[in-house]
Participant: 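I am attaching a structure below and will ask some questions about it afterwards.
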Protein chains: 2
Amino acid sequence: MGRPKQFDPEAAVEQAMQVFWRQGYAATTPQDLVDALGIGKGSLYHAFGSKHALFERALRRYRDSQALAVIELLGGDGPVKDRLRAALLMLVEMDLADPDRRGCMAVNTAAELAGADEVAAELVRRMFDRTEEALRALVEEGRRSGEISTERDARAVGSMLLSTAVGLRLLARVADGPERLSLVVEATVDSL
Amino acid sequence: MGRPKQFDPEAAVEQAMQVFWRQGYAATTPQDLVDALGIGKGSLYHAFGSKHALFERALRRYRDSQALAVIELLGGDGPVKDRLRAALLMLVEMDLADPDRRGCMAVNTAAELAGADEVAAELVRRMFDRTEEALRALVEEGRRSGEISTERDARAVGSMLLSTAVGLRLLARVADGPERLSLVVEATVDSL
DNA sequence: CCAGTTCTTGAGCTACAGGTACAAAATGCG
DNA sequence: CGCATTTTGTACCTGTAGCTCAAGAACTGG
């Protein structure tokens with residue numbers, strides 16, 4: 001029924017995600033989006049309704065593609081500390097390899113919109129919650145296997161690891177080299 | 001020597017800092033600034049030149065007033081761990097007590113502008129460097145007094161603490177309560 | 001092949017961002 | 001007091017943000 005779409009909406013959201021990720025919400029103009037998606041302005045608004053709605057879809061896409069990837073990495077096998085180190089190092093490498101140094105979109109969104117956009121804030125909150133949950137599960141696994149001390153509360157350690165990881169990704173935005181970030185990873189793993 | 005200014009430039013920069021801190025750079029309009037500073041648009045541009053120049057001054061003011069306060073807290077006396085805990089808890093309390101939940105302006109600026117504004121990025125980088133340096137000095141003091149293990153590199157631990165503190169302040173932007181953040185502080189201090 | 005539906009494009013719209021121009025007003029100086 | 005100098009308020013300017021709409025193109029069912 002009706003004329004078929006001439007573009008793939010998912011691909012368009014993907015492109016929008018890349019732009020929002022690089023520039024943030026406020027600094028991204030409809031023209032930026034039109035250029036990146038390769039469709040007319042009318043199509044954009046017809047398909048997505050508003051800049052904000054498109055941002056929301058982009059952020060959900062980020063969650064489903066990027067944020068989950070890290071969590072899955074934590075759930076692999078092998079020594080717990082090795083998994084944690086591998087996951088953190090992957091973040092560092094990804095962040096530094098990105099020519100635009102965009103860091104983590106959830107982190108950037110928290111910093112930019114937490115106070116003004118409750119929908120975005122809630123999405124980010126949940127992403128953080130999921131990540132923290134995965135970290136806590138990893139810690140508990142390590143406690144069971146004897147790799148991690150049982151002295152400290154697993155929940156507290158999980159929260160601390162989330163905090164460190166979030167800080168790591170923010171520092172990656174201004175870091176002038178990999179040394180410091182790698183040190184953070186080592187010190188963090190060693191602290192368990 | 002000409003007509004004297006009818007407003008205090010430093011007080012104006014202070015107000016501008018509050019606005020930028022709350023809303024970020026891109027989301028702040030000249031009108032917002034005019035309203036907050038209580039001066040005419042002509043005076044604003046005559047005195048500060050551009051929105052960006054005013055932002056830069058606001059960020060420097062943030063560094064000199066806010067960022068240095070934390071560093072000074074670390075340099076007090078008493079047990080090292082107590083000082084660290086007190087400093088981190090103060091951050092948490094301040095961040096949660098703020099009705100606008102603005103978090104740390106340096107962190108927010110890093111997230112918003114690191115990729116697009118080298119001047120701002122450099123300012124933030126230096127703030128982070130100074131904080132990290134203070135944390136490292138604290139760790140070294142703790143090592144000398146026997147409060148902190150000498151197994152791990154002091155520089156690495158200092159970087160890790162910076163990362164955790166930065167993460168903490170970002171999480172404060174979306175946190176729904178104090179529990180989790182307090183857990184992070186305890187786990188961090190206990191990890192030393 | 002026509003009716004009804006959905007999509008596309010680009011022009012156009014209102015409001016405001018970000019800044020400039022300028023003349024009036026307020027000073028110190030000789 | 002006249003003068004140069006600086007500040008102030010307001011009007012004004014250009015460009016663009018963010019969105020809407022009209023006109024038509026591409027489809028489907030009957």
Side-chain angles (χ1 to χ4, degrees), chain A residues 1-60 108-109 112-113 115-120, chain B residues 1-60 108-109 112-113 115-120:
Chain A
M1 307 264 285
R3 177 175 179 172
K5 276 197 169 63
Q6 304 217 330
F7 63 97
D8 177 2
E10 286 309 310
V13 173
E14 169 71 24
Q15 290 306 311
M17 181 189 83
Q18 300 293 341
V19 177
F20 281 128
W21 191 355
R22 173 155 34 87
Q23 308 185 343
Y25 178 74
T28 297
T29 71
Q31 192 56 47
D32 291 336
L33 294 167
V34 163
D35 293 345
L37 307 208
I39 64 181
K41 209 189 292 194
S43 295
L44 194 158
Y45 278 89
H46 177 66
F48 301 109
S50 70
K51 177 184 164 185
H52 186 269
L54 179 54
F55 178 79
E56 199 179 314
R57 289 198 56 175
L59 192 55
R60 288 182 199 279
N108 298 348
T109 300
E112 186 187 359
L113 296 178
D117 182 341
E118 187 46 45
V119 174
Chain B
M1 302 177 17
R3 177 176 177 173
K5 275 194 172 60
Q6 304 216 330
F7 64 95
D8 176 2
E10 285 310 309
V13 173
E14 169 71 23
Q15 290 307 310
M17 182 189 84
Q18 300 292 342
V19 177
F20 281 128
W21 191 356
R22 173 154 32 86
Q23 307 185 344
Y25 178 73
T28 297
T29 71
Q31 192 56 48
D32 291 335
L33 294 167
V34 164
D35 293 345
L37 307 207
I39 64 179
K41 209 192 291 197
S43 296
L44 195 159
Y45 277 90
H46 177 66
F48 301 109
S50 70
K51 176 184 163 185
H52 186 270
L54 178 54
F55 178 78
E56 199 179 314
R57 289 197 56 174
L59 191 56
R60 289 183 198 279
N108 298 348
T109 300
E112 185 187 359
L113 297 178
D117 183 342
E118 187 46 44
V119 175

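The sequence lines fix the lettering, A, B, ..., with proteins before strands; numbering per chain opens at 1.
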Participant: Find the distance Leu37(A):CG to dG10(C):P and express it as a whole number of Å.
Facilitator: 15 Å

Participant: Measure the spacing between CD of Gln15(B) and CG of Leu54(B) and express it to the nearest 0.5 Å.
Facilitator: 11.5 Å

Participant: Over all strands shown, is Phe7(B) touching base, sugar-phosphate only, or nothing at heavy-atom distances under 4.0 angstrom?
Facilitator: sugar-phosphate

Participant: Between atom CD of Glu118(B) and atom CG of Leu113(B), what is the distance when rounded to the nearest 0.5 Å?
Facilitator: 11.0 Å

Participant: Round to a whole Å and report the spacing from NZ of Lys5(A) to P of dT8(C).
Facilitator: 7 Å

Participant: Roughly how far, to the nearest 0.5 Å, is the CG atom of Leu33(A) from the OH atom of Tyr45(A)?
Facilitator: 7.5 Å

Participant: How many Å lie between CG on Asp8(B) and P on dT8(D), as a whole number?
Facilitator: 12 Å

Participant: Taking the side chain as C-beta and beyond, is there a heavy-atom pair between Thr109(B) and Asp117(B) under 4.5 Å?
Facilitator: no

Participant: Restricting to non-hydrogen atoms, name the atom on Val19(A) and the atom on Ala36(A) that form the minimum distance, rounded to 0.1 Å.
Facilitator: CG2-CB, 3.4 Å

Participant: Using a 4.0 Å heavy-atom cut-off, write out nucleotides 22-30 of chain C from 5' to 3' as B (base contacted by protein), S (sugar-phosphate only) or - (no contact).
Facilitator: ---BBBS--

Participant: Which nucleotides of nucleotides 15-23 of chain D have their base under 4.0 Å from a protein heavy atom (B), which only their sugar-phosphate (S), and which neither (-), written as one string 5' to 3'?
Facilitator: --SBBBB--

Participant: Testing the 3.5 Å rule here: is there a donor-acceptor pair between the side chains of Glu112(A) and Asn108(A)?
Facilitator: no

Participant: His46(A) NE2 to dT5(C) P: how many Å, rounded?
Facilitator: 14 Å

Participant: Please give, in whole Å, the distance from dG18(C) P to Phe48(B) CZ?
Facilitator: 17 Å

Participant: Can a salt bridge be assigned to the pair Glu14(A) and Arg57(A) using a cut-off of 4.0 Å between side-chain N and carboxylate O?
Facilitator: no

Participant: Looking at CD of Glu56(B) and OH of Tyr25(B), how far apart are the two atoms once the value is rounded to the nearest 0.5 Å?
Facilitator: 10.0 Å

